[in-house]
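Below: one structure, written as structure tokens.
Keep in mind that the numbers below use all heavy atoms, side chains included, and drop hydrogens, waters and symmetry copies.
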There are 2 protein chains.
Amino acid sequence: MLSMNPAQSKVEDTALSTKKRILNAAEHLFVEKGFAATSLRAISSLAEVNLSATHYHFGSKEGLFAAVIHRRVHPVNASRVKALETLTQGVNVLSVDEIITAFLSPFSGELPTALPRLMARVHGEPPALVRPLLQEEFGQVMNLFLKHLAIALPALGERELRWRFHFMIGAMMQLLNGGNPLEVEPDESTFSEGLEKLKLFVIAGFKAPTASMDLSREKKV
Amino acid sequence: MLSMNPAQSKVEDTALSTKKRILNAAEHLFVEKGFAATSLRAISSLAEVNLSATHYHFGSKEGLFAAVIHRRVHPVNASRVKALETLTQGVNVLSVDEIITAFLSPFSGELPTALPRLMARVHGEPPALVRPLLQEEFGQVMNLFLKHLAIALPALGERELRWRFHFMIGAMMQLLNGGNPLEVEPDESTFSEGLEKLKLFVIAGFKAPTASMDLSREKKV
DNA sequence: GTCTATATTGGGATAGAC
DNA sequence: GTCTATCCCAATATAGAC
């Protein structure tokens, strides 16, 4: 909520359309309390719109949830694909570092502060609620990144690569979730510090040697 | 739910005490649908106990939630501390590999199948609901592991170490969550495969070089 | 497209008999 | 310690006037 236009500082900003006010209020409450614990009444109250407007514009609570997510996720995919396309100008093989940087590009620089936490919150919802949504929203772009990573890391099998991608998502969510391990109030500088640390962590994870023996029996490093 | 005693195969197993039947049913539903979307009525119905019994034994829905978590988390902490103590017999400095293996020891071998997914589900609940609980349940043991890691990785600053520990938690949750990146039905062998991959990933992450320059400007590896 | 009013269902919690 | 019955409130969704 730093460096925000005063006209947008209130979630319910009455200068916006009814639809956008609902989306803003819903996003805020879904992030704070989760989907199930957020009522349409609380949303329409915060947005200062009539309760029925939510059904008119979005059909149902789940429809509203999907719309809230789509509004933020669409730019995320666009940013990732664009970053990747910029890198592939005239080059065939990208490095792991470049691919990861492209994948995390939506979180560099200025961003709507709701985005990271919304993504983390959606990721944390029960799979029964969000699995189809996540596949729909992220599936294609995820496969694109897996394709590039498979080329950058030819020694890794497809299974190993997919596991490591899976773990990267989890590590990333820890950053996006807004918490931090330093027990300080999170702010923009903490976030960008975490982003930098995250890159080092997951790049090393991707480049880890594959297991050919039980590591627990090895001598210490 | 593999290799389970038939007498325990039903969540509501009427041979158990009322309290345990409630805990089992609540655990099952919290894992599947999350805290907010699970009603006490659904729990008492599945457990085949009276609705009022939940309030008698646990005081409130949140009290029941805390009890469900505590029952599983207590052995997790015990397993981690014991694994660490076994390793420190006569030795002062543990390797990263040993420390991570100890941290993940609760998930090796046979385990109650509800444990991993319960932990992932709790992790995914809104922070407002679970942050105090997580601190209470995991705080001490987490600090113990941070202490050992600080010794094993003296080149890492405290901040960097805490960030990496943070990311490890996220990667681990991806495994515990029960999903897998292979688009196959999860089973025990998938889980132990993932556990092995997870170790390689996070150990490499902990051992990653610290950033002294912008990696994106480096040449490819 | 927005309002009021309401249908319908389900929620957590409690009182008090047994 | 377990039951029935109930309080009181909140939920999603819809009907229909304007």
Any side-chain N or O of B:His55 under 4.0 Å from OP1/OP2 of C:dT14? no

Indicate, with a heavy-atom threshold strictly under 4.0 Å, whether B:Ser39 touches base, sugar-phosphate, or nothing. sugar-phosphate

Verify salt bridge (Lys or Arg N to Asp or Glu O under 4.0 Å) between B:Glu32 and B:Arg121, making sure each step is shown before the conclusion. CA-CA 8 Å; B:Glu32 293 298 328; B:Arg121 181 89 295 286; over 6 Å; no

Is it the case that D:dT2 (base atoms only) and B:Thr18 (side chain only) share a donor and an acceptor within less than 3.5 Å, ignoring hydrogens and angles? no

Atom-to-atom span, CD1 of B:Ile43 to P of C:dG10 - whole angstrom: 16 Å

Under 3.5 Å, is there an N or O donor on one side and an acceptor on the other linking the side chain of B:Arg41 and the base of C:dG11? yes

Distance-minimising heavy-atom pair for B:Val202 and B:Ala171: CG1-CB, 4.2 Å

Need to verify one output field. Residue with the more 5' nearest nucleotide on DNA chain D, A:Leu40 or B:His57? B:His57

Establish, yes or no, whether the cationic atom of B:Lys61 lies under 6.0 Å from the six-membered ring centre of B:Phe35 and within 45° of the ring axis. yes

So what does B:Thr54 touch, heavy atoms closer than 4.0 Å: a base, only the sugar-phosphate, or nothing? nothing

d(NZ, B:Lys61; P, C:dG10) in whole Å: 15 Å

A:Tyr56, nearest nucleotide to its side chain (from D:dA13, D:dT4, C:dG1): C:dG1

Measure centre to centre between the rings of A:Phe65 and A:Phe30, then say whether the value is under 6.0 Å. yes

Please state how far atom CG in B:Leu29 lies from atom P in C:dG11, giving the value in whole angstrom units. 11 Å

Rounded to whole Å, please give me the gap between CD in B:Glu48 and C1' in D:dT2. 15 Å

Just the rounded figure in Å: distance from C1' of D:dA13 to CD of A:Glu62. 14 Å

Just to be sure I understand the rule, does A:Ser44 reach a base, reach only the sugar-phosphate, or reach nothing, if contact means heavy atoms closer than 4.0 Å? nothing

Salt bridge present between A:Glu48 and A:Arg21 (N-O < 4.0 angstrom): no

For atom CG of A:Leu64 and atom C1' of D:dA11, their distance in whole Å: 15 Å

Could you tell me the separation between the CZ atom of B:Arg21 and the P atom of D:dG1, rounded to a whole number of Å? 14 Å

What nucleotide among D:dA13, D:dT4, C:dT4 has an atom nearest to a side-chain atom of A:Ser52? C:dT4

Between D:dG16 atom P and A:Asn50 atom CG, what is the distance in whole Å? 17 Å

